[in-house]
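Down below is the structure, laid out as structure tokens.
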Amino acid sequence: MGIRLHFWGAAQTVTGSSHHLECAGQNVLLDCGLFQGHRQQGREINAHLALPVEQLNAVVLSHAHIDHSGDLPLLARQGYRGPIYTTPATVDLCEKMLKDSAHIQESDAEFVNKRWRRRKAIGMNGEADGATPLYTQEDAAQAVELFKPVKLHTPQLLAGSTADAGFTTTTYDAGHMLGSTCVLVDAKEQGQTTRLLFSGDVGRKGLPIIHDPETAPAAEYLIMESTYGNRLHQPIGPVKHKLANLVNRTVARGGHIVMPAFAVGRTQQVVLLLHELIDAKAIPDIPIFVDSPLAVNVTDVFRKHEEEWDEGALAFAAVNEDPFGWRRLKYTRTVEESKTLNDLRMPFIVISASGMCEAGRVLHHLKNSVEDPRNLILITGFQAQNTLGRAIVERQPEVKIFGEPMRLRAEVDSIGELSGHADQHELLEWMAPVVPTLKQVFLVHGEPDAQQTLKKEIEKMYKLNVVCPKRGDRFEVG
């Protein structure tokens with residue numbers, strides 16, 4: 001009796017969150033995320049789901065980031081037609097983000113096939129012909145049709161369950177991004193109830209725009225992320241002052257600023273901070289460009305969901321028509337508009353995806369910026385191992401962009417204070433209210449060193465049994 005846990009996602013990385021729960025014959029997925037890594041490794045992991053879709057009753061999605069939602073179109077492609085429960089803001093974000101993810105899948109398959117045909121034409125061996133995308137934009141649209149919006153704090157009896165057997169979930173604000181939640185699961189079987197809390201990604205207090213994380217509800221078992229389990233962030237408070245100093249220093253020497261930023265959340269936070277600084281005349285009113293089609297679409301979702309804004313964003317909006325738009329800010333949609341930025345010979349700021357510099361328009365801006373010491377590459381978030389962003393933040397003397405080695409002569413700095421992930425102390429603080437009722441903790445969604453460091457801290461501070469599951473591990477609790 002109780003809950004059978006199957007850790008199907010890539011638990012010991014920071015991507016690919018997906019956890020299978022089974023109770024009273026009902027099967028539920030908590031998240032269905034896309035593993036992001038080397039093409040072949042990612043394909044092998046992402047193409048295999050936790051269980052056949054005909055056995056799956058429901059999906060509960062903590063938030064819209066692709067490492068938590070990005071495999072949902074594959075569910076739809078394989079025939080899943082059950083509900084996907086999540087918040088209204090997450091529904092709207094996923095409509096944009098899953099379509100974008102599918103476009104990337106299709107483009108990658110097209111690239112592989114073109115390369116194979118070129119190699120075959122000159123008599124070289126290569127990858128097999130006929131590469132297919134993991135899923136298509138039609139699959140993404142089908143997945144979006146399955147979303148069922150559920151408001152915070154509203155108990156939801158999941159499909160296939162009854163009041164006496166199966167699953168009921170209740171969500172709370174995780175403070176990580178627009179619409180993000182932690183999920184409380186009540187599992188009933190043979191008159192007994194087991195309570196499990198899934199953290200999703202835990203946010204931080206004081207982040208721009210979004211609410212602070214809510215107090216974690218009581219539970220017996222906790223599945224918790226550990227992205228920054230071995231690190232501490234700088235305080236959020238001084239970030240505007242630091243940003244102003246970096247902008248002013250770069251403008252004074254005639255350079256421009258390239259800010260790789262995640263299209264969802266980070267871009268909108270940076271735009272609001274720059275708007276506040278310009279209004280306060282703390283930085284010059286220079287041209288600012290958001291050069292990411294996905295970021296443009298996502299910003300419209302942010303505008304729509306004011307119920308997700310914190311008091312600071314609402315107060316700013318009350319005296320400014322649009323926190324995410326003003327005279328000198330331009331959102332570029334077309335490739336032609338993006339290319340014109342290469343010809344600018346004045347100080348400007350361009351905010352562009354991808355956040356880890358692995359794809360997208362930001363690569364072109366970096367190629368045109370990294371070798372000029374007047375310019376600034378301003379990193380705004382976590383940079384995973386083996387990414388161009390990590391090489392830049394480590395200030396390697398030479399980096400490869402589009403396969404071409406380039407000297408890194410531009411100034412490099414970062415504003416990691418905006419991280420949407422709680423650090424070690426913040427994770428320990430967030431879980432503290434749950435500790436009196438906890439029997440066991442499962443640490444996921446973090447690199448091995450981060451997990452092991454946080455495990456030791458939890459065991460030392462709270463005297464709890466902590467497990468760091470590997471992909472495919474199974475447990476029975478309750």
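By convention here, the first residue in the shown sequence is residue 1. Computed over heavy atoms, backbone and side chain alike; hydrogens, waters and symmetry mates excluded. This structure is a prediction, so every number in the text was calculated from the model and none was measured.
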Ignoring hydrogens and angles, state whether a donor on the side chain of [X] or [Y] is under 3.5 Å from an acceptor on the partner side chain.
{"X": "Q268", "Y": "T299", "value": "yes"}
{"X": "D31", "Y": "H19", "value": "no"}
{"X": "D291", "Y": "H365", "value": "yes"}
{"X": "Y135", "Y": "S101", "value": "yes"}

For atom [atom1] of [X], is the number of surrounding heavy atoms from other residues, nucleotides or ligands below 6.0 Å larger than 12?
{"X": "K205", "atom1": "NZ", "result": "no"}
{"X": "H103", "atom1": "NE2", "result": "no"}
{"X": "E311", "atom1": "CD", "result": "no"}
{"X": "H153", "atom1": "NE2", "result": "yes"}

field: Geometric class of the H68/H445 ring pair [parallel <30°, tilted 30-60°, perpendicular >60°]
entry: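 Perpendicular: the ring planes of H445 and H68 meet at over 60°.
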Residues [X], [Y]: salt bridge by 4.0 Å N-O rule:
{"X": "D322", "Y": "R303", "value": "yes"}
{"X": "R231", "Y": "D423", "value": "no"}
{"X": "R253", "Y": "E411", "value": "yes"}

- request: With the side chain counted from C-beta on, respond yes when K151 and T87 share a heavy-atom pair under 4.5 Å apart, and no when they do not.
  value: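 Side-chain contact under 4.5 Å: no.
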If we ignore hydrogens and angles and just use 3.5 Å, is the side chain of [X] paired with the main-chain N or O of [Y] as donor and acceptor?
{"X": "R204", "Y": "E417", "answer": "yes"}
{"X": "R328", "Y": "D285", "answer": "yes"}
{"X": "T86", "Y": "T90", "answer": "no"}

message: Which heavy atom of A89 sits nearest to which heavy atom of G179, and what is that distance?
response: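 In this case the closest contact between A89 and G179 is CB-CA, 4.0 Å.
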